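Here's the structure we're looking at; comments come further down.
Being a predicted model, the structure only gives us computed values, none of them experimental.
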Amino acid sequence: MPNADSVVTIFETPDELNDAALQLSMSILQQASSGAPVHFVLAGGSTPKRLYELLAEQKTIPWKHIHIWFGDERTVGPDHDDSNYKMAFDSLLKNISIPEENVHRMRGEDDPSEAATAYRDEIAAAVPFNTSGMPVFDLVILGLGEDGHCASLFPDTSALDEESLSVVENVVPQQDTVRITLTNSVLNAAKDVLFLAAGDSKAEAVEAVFTGGDDAPPAARVRPAPGRLHWFVDRAAASKLPGD
């Protein structure tokens, strides 16, 4: 289960959830400067898209001092409708003034193993590391799958047990595919991790994260320390939590 320092906030509507996610994100992104760039990790999926649209509307975010990274990617090109990069480009990147070199996409069109290695190298060249040798991202956005996965850390897949590498390829039999993903070791080294979960379809997954014990899904393994873990869920997604 998430650690005792995690904060779960329940919102009545998805709009309220996204407004709060915007405020939290801006409070971190606005700290970016030439001497202290902010490293910001984006999630794919449907729930974070509205947050990205809202971020694109803001005029006070110093994008030239922010580096955009990705938590995972499908094995498709950047123009494919299934690409996490394409979703982020359409909802955020094409609408902001950010240097091209500040956007670091996973190359889903390449061999997954080679793409994972290249991304590890790109991270190592740009992101500060902690004493354990893991990169420290300033803000990581994560969605929640109906099976409780986050990034491309799916149940019963090998990437869940990776402890030494920051990025790996992950064979996902239940999806009949291979993904490229950050590992739990990186997610747990971040300064702030923000989970977004909205809708009835996420209720069972949210319940399992917080009450599943030893059988909890992959998202429950995200326990950043000494970072902060934020869970923003709407009333529908929280409907199966005890006491809700």
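You'll find the side chain of N84 stays beyond 4.5 Å of the side chain of M106, heavy atoms only. Between W69 and V186 there is no side-chain heavy-atom pair separated by less than 4.5 Å. D192 places none of its side-chain heavy atoms less than 4.5 Å from the side chain of V140. For the pair P224/L187, no side-chain contact is recorded, criterion being any heavy-atom separation below 4.5 Å from C-beta on. Here the side chains of V136 and K191 are in contact, with some heavy-atom distance below 4.5 Å. At least one side-chain heavy atom of I141 sits less than 4.5 Å from a side-chain heavy atom of Y52. Counting heavy atoms from C-beta outward, C150 and F195 have side chains that approach closer than 4.5 Å. No side-chain heavy atom of K49 sits under 4.5 Å from any side-chain heavy atom of N18.
With rounding to the nearest 0.5 angstrom, the NE2 atom of H149 is 7.0 Å from the CD atom of Q175. Here the NE2 atom belonging to H67 is positioned 5.0 Å from the NE2 atom belonging to H104, to the nearest 0.5 angstrom. To the nearest 0.5 Å, atom CG of residue L29 and atom CG of residue L24 are 9.0 Å apart. Taking CD from E169 and CD from E114, the interatomic distance works out to 10.0 Å, rounded to the nearest 0.5 Å. The NE2 atom of H39 sits 11.0 Å away from the CD1 atom of I68 when rounded to the nearest 0.5 Å. Note: H65 NE2 to Q31 CD = 13.5 Å, rounded to the nearest 0.5 Å.
A distance-only check finds a donor-acceptor pair linking the side chain of E73 to the backbone of Y85 [under 3.5 Å]. Judged by distance alone, the side chain of R179 and the main-chain N or O of N170 form no donor-acceptor pair under 3.5 Å. A donor-acceptor distance shorter than 3.5 angstrom exists from the side chain of N102 to the backbone of I66, with no hydrogens or angles considered. Not a single donor-acceptor pair under 3.5 Å links the side chain of R50 to the backbone N or O of T47. Side chain of D147 to main chain of F154: no donor-acceptor pair is present (N/O by atom type, distance under 3.5 Å, no hydrogens or angles). Counting only distance, with no hydrogens or angles, the side chain of E162 and the backbone of S158 share no donor-acceptor pair below 3.5 Å. No side-chain donor-acceptor contact under 3.5 Å links T157 to the backbone of L153. No donor-acceptor pair under 3.5 Å is formed between the side chain of D234 and the backbone N or O of F11.
Using a 4.5 Å cut-off between side-chain heavy atoms of Ile, Leu, Val, Met, Phe, Trp and Tyr, with links allowed through other members, F70 and V76 fall into different hydrophobic clusters. The same ILVMFWY cluster, assembled from side-chain heavy atoms under 4.5 Å apart, contains both L22 and L142. Side-chain heavy atoms closer than 4.5 Å link hydrophobic residues (I, L, V, M, F, W, Y) into clusters, and following such links, possibly through other members, connects L42 to I180. If you chain together hydrophobic residues whose side chains sit under 4.5 Å apart, F210 and L194 fall into the same group. In terms of hydrophobic clustering, with Ile, Leu, Val, Met, Phe, Trp and Tyr side chains grouped at heavy-atom distances under 4.5 Å, V41 and I28 are assigned to a common cluster.
Between P155 and P218 the shortest heavy-atom distance is N-CG, 3.5 Å. Of all heavy-atom pairs spanning F129 and I123, the tightest one is CE1-O, 4.1 Å. In terms of heavy atoms, A205 sits closest to E146 at CB-O, 3.7 Å.
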Without placing hydrogens or testing angles, list every side-chain donor-acceptor pair under 3.5 Å for residues 93-100, not counting sequence neighbours.
none

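Under a cut-off of 6.0 angstrom, the local environment of CD in E163 is sparse, with at most 12 non-hydrogen atoms contributed by other residues, nucleotides or ligands. Within a 6.0 Å radius of CG in D156, other residues, nucleotides and ligands contribute 12 heavy atoms or fewer. Heavy atoms from other residues, nucleotides or ligands lying under 6.0 Å from CD of E204 number 12 at most.
For the residue pair Q23 / S25, no side-chain donor-acceptor distance below 3.5 Å is found, with atom types taken as modelled.
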request  = Apply salt bridge (charged side-chain N to carboxylate O under 4.0 Å, His left out) to the pair D81 and R74, showing each step before the final yes or no.
outcome  = CA-CA 10 Å; D81 286 342; R74 297 173 171 86; over 6 Å; no
request  = For the pair R223 and L229, evaluate side-chain contact (heavy atoms from CB on, under 4.5 Å) and give the outcome as yes or no after the intermediate values.
outcome  = CA-CA 7 Å; R223 308 165 186 166; L229 177 60; 5.5 Å; no
